[in-house]
Amino acid sequence: MPHPFRLYNTLTRQPEAFEPIEEGKVGLYVCGNTVYSDAHIGHGRAMIVFDMVVRHLKARGWDVTFVRNFTDVDDKIIAAAAKQDVDPLALSAKYIERYREDAAALGLVEPTVEPKVSETIDGIIAMVAALVERGHAYENDGTVWFAVDSKDDYGKLSGQKVSELRSADVGSKRNPADFALWKAAKPGEPSWPSPWGEGRPGWHIECSAMSKEHLGNTFDIHGGGLDLVFPHHENEVAQSECATGQTPMARYWMHNGLLTMPSGQKMGKSLGNVHLIRDLLAEYPHEALRLYYLQSHYRSPLPWDPATGVQMDEALAMLARLYEAREVAEEMGGKEPAADVVASLGDDARRLWELGNEFESRFLAAMDDDFNTAQALGLAFELARALNRFANHKKAKKRGGPVVAPALAGFKLLGPSLGLLDQACDDFLEEVKVKRLGAMGVERSDIEALLADRATARSTKDWARADAIRDELEAKSIVVMDRTDGVQWKIRLATAE
RNA sequence: GGCACCAUACCCAAGUGGUUAAGGGACGGGUUUGCAAAACCCAUAUGCGGCGGUUCGAAUCCGCCUGGUGCCUCCA
C-alpha cells in the first residue's frame, strides 16, 4: 500500500491530503520546456523539484505515471528559427536533444511519456473542434479563439476576473481575454491542415490535449512553475473542462517557486546573467545543484546571485559534508550486538543510535508533508553531526559499526527520495576535483608535484619548507589536510560573508 | 488598477496555536594538530518587518501599515 502524503493545492490555496483517482496510482503532468534554447537554472529548479516529487512518490510505493511534454511548436521557436535561418522543427528537435542531455546530466528519472506538440496535432484539432461544437470557441479568418465568457468559473485557478484583466488590443477577438486555440498559418511557419484551414496550435491547447491523451479527462496532479498559473494553466483548465465536459481537469495543482535575482534584476540573455544547466554542471557535480534547490521548500522563492557563485560553492560544501560523514560511518567495523556497543561507548553512541533509529520516520514524515525537503535535509545534517561526534571516540572505528548502522540506513533514503548521495564518496570527491580544477584552470600535475615536495619536507621535519609549499597550494585554492591515514587535499570553496 | 505571494539571527533557511524557534554558512572562544585543515565542543534571535486584535497561550489566526516578488502580451 502506498503511503499517504499531503500537498499544497494551488486550486484551493491550502494543503490537502492526497486522494488518488485510482487506488495506488498517481497521474502527474508537468509542463516541460519550450525548446528554442538551452535550459537554464530557472528551468533546472522545476526539473529537479518534480524529479524529487516523482522519486519520493515512487519510493513511497505509488505507481506514478509521469508525463512531461515538449512544446516544439510555438511562436518563440518560430521567431528564433527565423533569426537563425533554420527550420523551426529542426531547431526544436535540436533543443529537445540538448534538453535530454541536460536531464540525464541532472540525474532526472525518465518520464513515463514525453509527448511533443508536433506529434499531438490530431488530438489538438479534435479538442478545438469539440470546443467549437460546444459553443466555447469561434473561428475568425482561420484562427480559432476560446471564448472566456462561455465558462462561468473562468479564473478559478488563478483568482483572476476577466473584467479586471489589463488587456492589450482586442483584434479579431470578441473579448480581450479570449485566447488562440488554433492559429492560421503564416508563410514559412510550420502548419497542419485543419477544418479551419492550414494552421498550428495556440500556446495552451497542447497541454490540454497531451494530458487528456495520456492521463485522461481528469487526472491527479498538474505541475509547473508559479509563473504559469496565469494565463497558461488557467487556460488549460478552461479548454479541458469545456472540451470534455468533465470537471476538474486536474484535482491538485503544484507550482514551484521561481529563482529571484538580486535587487530586482531579471535573468535574461541580453543581461548576460543566464546560467545554463550544462555550463554549471561542467563546473559542479549535479548533486550540488540539486542540493542547492532542495535546501529550500519548493514553493518558496529561491535567491540566485549570478555574480558570486557562492551558492553553488556552499551547496557543494554541504554535500561534501554529508558524503564524508557517510564515509566515516562506512569505515567503522565491529560485530558485537549494537546494544552492547552503545552501552559501553557512552552518551554520544547512545545519541547517534537513537537519532539513527528515529531518522526514517522523521525524514519520511517531512517529505510526506508537502515535500518538505528543507526539513528532511536538516535532519540529515543533524544525523551527520551526531555521527562525526561519535566518530571522535577512539574505539568508534573498530567497534562502532553496529551503532552507525541505523544512520547509514538513514542516509540511504536520500537517494530514492531526493536523488542525493547516490554515488560512492571517492567518486564524488574525484568528480569535485576534476570539475573544480577545470573551472579554476589549475593543472592537477602541478598540485601533485607540490604535494610530493611537501611530503619530502615533512619526512625530514622541515616544517618551514612544508608550510611554504602549503601556502603556495593555498594560493591555488588548494587546502591540504594532514591526517593520520595520509595526506588529502581539496578545493577551497567560497563562503558567504 | 486587478490577482497571487513573501518578510524568521550577519547571510541562507525550516517551523503555520502550546516544552529550550530545526539545519547550513560566516564571525568569536576552545579540544585536536609540528603548525594548519577537517571534525567536535562552547557562544551566538526572551526574538520571528511594524502597530493593533482574537486566545489561558501566536512567529503561527484576523485587521491595518511598511518593504519586496511574481503574474495580468505566450517566461519554469
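Quick note on labels: first sequence line is chain A, next is B, and so on, each numbered from 1.
For the C1' atoms, the distance linking B:rA39 with B:rA7 amounts to 36 Å, nearest Å. Atom name P, nucleotides B:rA43 and B:rA21: the rounded distance is 14 Å, in whole Å. As rounded to the nearest Å, B:rC51 and B:rU66 have P atoms that lie 15 Å from one another.
Rounded to whole Å, atom P of B:rA38 lies 15 Å from atom CG of A:L429. In this structure, the CD atom of A:E324 is 15 Å from the P atom of B:rG24, given to the nearest Å. What separates CE of A:M261 from P of B:rA76 is a distance of 15 Å, to the nearest Å. Whole-Å rounding puts the A:K394 NZ to B:rA39 C1' distance at 14 Å.
Checked for salt-bridge contact, A:R470 and A:D467 meet the test: a charged N lies under 4.0 Å from a carboxylate O. Ion pair A:R362/A:E382 flagged as a salt bridge, since at least one NZ, NE, NH1 or NH2 atom sits closer than 4.0 Å to an Asp/Glu carboxylate oxygen. Remark: A:E430 engages A:R444 in a salt bridge, criterion side-chain N to carboxylate O under 4.0 Å. The existence of a salt bridge linking A:R454 and A:D482 is confirmed by a sub-4.0 Å separation between a basic side-chain nitrogen and an acidic carboxylate oxygen.
Under the Watson-Crick or G-U wobble criterion, with both distances below 3.5 Å, B:rA26 has no partner in any strand shown. In this structure, B:rC3 forms a base pair with B:rG70, meeting either the Watson-Crick or the G-U wobble geometry with both donor-acceptor distances under 3.5 Å. Across every strand in view, B:rA13 sits unpaired, with no contact that passes the Watson-Crick or G-U test at under 3.5 angstrom.
Residue whose closest nucleotide on RNA chain B sits further toward the 5' end, between A:G378 and A:D369: A:D369. Of the two residues near RNA chain B, A:R483 and A:F230, the one whose nearest nucleotide lies more 5' is A:R483.
Considering only side-chain N and O atoms, A:N372 lies under 4.0 angstrom from the phosphate OP1 or OP2 of B:rG15. In terms of phosphate contacts, A:N388 brings a side-chain nitrogen or oxygen within less than 4.0 Å of OP1 or OP2 of B:rC40. Taking only side-chain nitrogens and oxygens, A:S300 comes nearer than 4.0 Å to OP1 or OP2 of B:rA14. A sub-4.0 Å separation between OP1 or OP2 of B:rA37 and a side-chain N or O of A:R470 is absent. Proximity of A:R362 to the phosphate of B:rA22: no side-chain N or O atom is located under 4.0 Å from OP1 or OP2. One finds a side-chain N or O of A:R321 lying less than 4.0 angstrom from the OP1 or OP2 phosphate oxygen of B:rA39.
Contacts between residues 153-164 of chain A and RNA chain B, counted as heavy-atom distances below 4.0 Å, involve A:S158, A:G159, A:Q160, A:E164. Residues from residues 44-52 of chain A lying near RNA chain B, meaning a heavy-atom separation below 4.0 Å, are A:A46 in numerical order.
Ring pair A:F5/A:F371: centre-to-centre distance below 6.0 Å. Remark: aromatic rings of A:H204 and A:H232 are close, center separation under 6.0 Å. Taking the six-membered ring wherever Trp is involved, the centroid distance between the rings of A:W304 and A:Y292 falls below 6.0 Å.
The main-chain N or O of A:L108 is never found under 3.5 Å from a side-chain atom of A:D51 such that the two would form a donor-acceptor pair.
Evaluation of A:W463 against the base of B:rG34 yields a stacking contact (centre distance < 5.5 Å, interplanar angle < 30°).
Side-chain contact between A:E287 and A:L418 is absent, with no heavy-atom pair separated by less than 4.5 Å.
In this structure, A:R68 is not positioned above the aromatic face of A:F50 in the sense of NZ or CZ being under 6.0 Å from the six-membered ring centre and within 45° of the axis.
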